[in-house]
**Q** 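Okay, handing you the structure first.
The figures here come from the full heavy-atom set of this structure, side chains too, leaving out hydrogens, waters and symmetry mates. Just so you know, residue 1 is the first one in the sequence shown, and it goes up from there.
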Amino acid sequence: MKKVNAVVIVLSLVMLAVTAAVSFVRLRTDRERAVMYFTSFGTDDVCTEVRYFPKNPIQGEVAFFVDELLLGPMTNRYKPLFARGTRAEFCTLEGDTLYVGLSGDALSVSKESADIETGIKLLKVNIVKKFTKINTVLVYIGGKSVYKES
């Protein structure tokens with residue numbers, strides 16, 4: 001009887017280990033690592049946050065990434081790029097240029113989010129670092145172009 005119990009326990013542990021290994025491998029292959037940049041609440045330093053996104057999202061990788069950026073950081077020590085409620089109205093890639101249209105909520109000033117200039121700068125940095133084929137990001141807020149010469 002003790003021998004049967006020992007065999008059952010060993011088989012159960014082996015099955016558990018195999019299931020865990022398969023789940024871990026599957027989790028890693030279904031997800032893609034992304035580094036996102038946000039400002040810190042206390043110091044306004046630029047900080048990084050690592051997330052894992054699904055591969056081949058329905059709306060496309062770039063639009064999905066922009067949507068995730070606009071949702072803000074998962075860490076409560078970092079500020080969102082724009083005021084809460086900001087959403088992407090359009091996100092179109094033509095050649096190496098990405099056109100991103102943000103809702104008018106992006107113009108709202110809030111202590112809880114980065115200032116507008118920093119938000120736009122970090123939006124561009126996040127996109128260009130993640131998608132190396134994109135060289136230019138043109139941002140529109142409320143349908144109007146946001147452009148500042150560097």
Side-chain angles (χ1 to χ4, degrees), residues 11-150:
L11 286 175
S12 297
L13 289 174
V14 168
M15 287 178 55
L16 181 64
V18 168
T19 303
V22 168
S23 296
F24 181 73
V25 168
R26 183 166 182 243
L27 177 67
R28 288 292 191 187
T29 58
D30 287 354
R31 304 271 177 204
E32 187 173 305
R33 184 176 187 267
V35 177
M36 303 172 101
Y37 300 91
F38 297 100
T39 56
S40 172
F41 265 111
T43 61
D44 283 337
D45 290 339
V46 176
C47 303
T48 59
E49 181 175 279
V50 175
R51 293 198 204 167
Y52 290 90
F53 296 137
K55 288 186 177 179
N56 304 319
I58 293 172
Q59 68 267 50
E61 286 184 59
V62 178
F64 181 83
F65 186 75
V66 170
D67 288 342
E68 287 294 317
L69 278 172
L70 295 177
L71 285 174
M74 295 182 75
T75 306
N76 61 2
R77 296 173 305 189
Y78 303 156
K79 295 179 186 178
L81 300 181
F82 301 100
R84 297 283 179 204
T86 302
R87 65 188 191 294
E89 294 180 338
F90 61 86
C91 184
T92 306
L93 181 62
E94 291 184 18
D96 66 349
T97 302
L98 180 69
Y99 299 89
V100 179
L102 304 177
S103 63
D105 298 323
L107 295 174
S108 300
V109 178
S110 169
K111 292 179 185 176
E112 300 297 314
S113 64
D115 62 85
I116 297 167
E117 187 175 341
T118 302
I120 291 170
K121 182 180 106 187
L122 284 177
L123 177 72
K124 291 178 178 183
V125 166
N126 275 295
I127 293 168
V128 170
K129 285 191 181 246
K130 170 74 174 138
F131 302 99
T132 56
K133 292 182 180 179
I134 298 174
N135 293 323
T136 307
V137 179
L138 299 177
V139 180
Y140 297 81
I141 298 178
K144 296 187 176 161
S145 177
V146 178
Y147 177 74
K148 181 179 179 184
E149 235 177 275
S150 309

**Q** Which distance, rounded to the nearest 0.5 Å, do you find between the CG of Leu102 and the CD1 of Ile120?
**A** 7.5 Å
**Q** May I ask you to test the Pro54-Arg31 pair for a side-chain heavy-atom distance under 4.5 Å?
**A** yes
**Q** For Tyr37 and Leu81, work out which heavy atoms get closest and say how close.
**A** O-CD2, 3.9 Å
**Q** Looking at every non-hydrogen atom in both residues, tell me the closest pair between Leu70 and Arg87 and how far apart they are.
**A** CD1-C, 3.6 Å
**Q** At their closest point, which heavy atom of Gly119 faces which heavy atom of Ala114, and how far apart are they?
**A** N-CB, 4.3 Å
**Q** Hey, could you give me the CG/NZ distance between Asp115 and Lys121, rounded to the nearest 0.5 Å?
**A** 9.0 Å
**Q** Phe65 vs Phe53 aromatic rings, parallel, tilted or perpendicular, using cut-offs 30° and 60°?
**A** perpendicular
**Q** OG1/Thr39 to CZ/Phe41 distance, rounded to the nearest 0.5 angstrom?
**A** 8.0 Å
**Q** Enter the distance from Glu49:CD to Glu68:CD here, rounded to the nearest 0.5 Å.
**A** 10.0 Å
**Q** For Gln59 and Phe64, which heavy atoms make the closest approach, and how far apart are they?
**A** NE2-CD1, 3.3 Å
**Q** Could you please spell out the steps behind the side-chain contact (heavy atoms from CB on, under 4.5 Å) verdict for Lys79 and Asp44?
**A** CA-CA 9 Å; Lys79 295 179 186 178; Asp44 283 337; 2.9 Å; yes
**Q** Where is the tightest heavy-atom contact between Asn135 and Thr132, given as atom of each residue plus distance?
**A** OD1-O, 4.0 Å
**Q** Would you confirm whether Arg84, through its side chain, and Leu71, through its main-chain N or O, come within 3.5 Å as a donor-acceptor pair?
**A** yes
**Q** So how far is it from Thr75 OG1 to Met36 CE, rounded to the nearest 0.5 Å?
**A** 11.0 Å
**Q** Using every non-hydrogen atom in the two residues, find where Ile116 and Ala106 come nearest and quote the distance to one decimal.
**A** CG1-O, 3.6 Å
**Q** Can you measure from OG (Ser145) to OH (Tyr99) and round to the nearest 0.5 angstrom?
**A** 10.0 Å
**Q** Can you list the steps and then say if Phe131 with Glu61 is a side-chain contact (heavy atoms from CB on, under 4.5 Å)?
**A** CA-CA 9 Å; Phe131 302 99; Glu61 286 184 59; 4.0 Å; yes
**Q** Between Ser110 and Glu112, is there a donor-acceptor pair closer than 3.5 Å when you use the side chain of the first and the backbone of the second?
**A** yes
**Q** Compute whether any side-chain donor of one residue and acceptor of the other, for Asp105 and Ser108, lie under 3.5 angstrom apart.
**A** no
**Q** Determine whether Val139 and Lys124 satisfy the following criterion, side-chain contact (heavy atoms from CB on, under 4.5 Å), listing intermediate values before the conclusion.
**A** CA-CA 9 Å; Val139 180; Lys124 291 178 178 183; 4.0 Å; yes
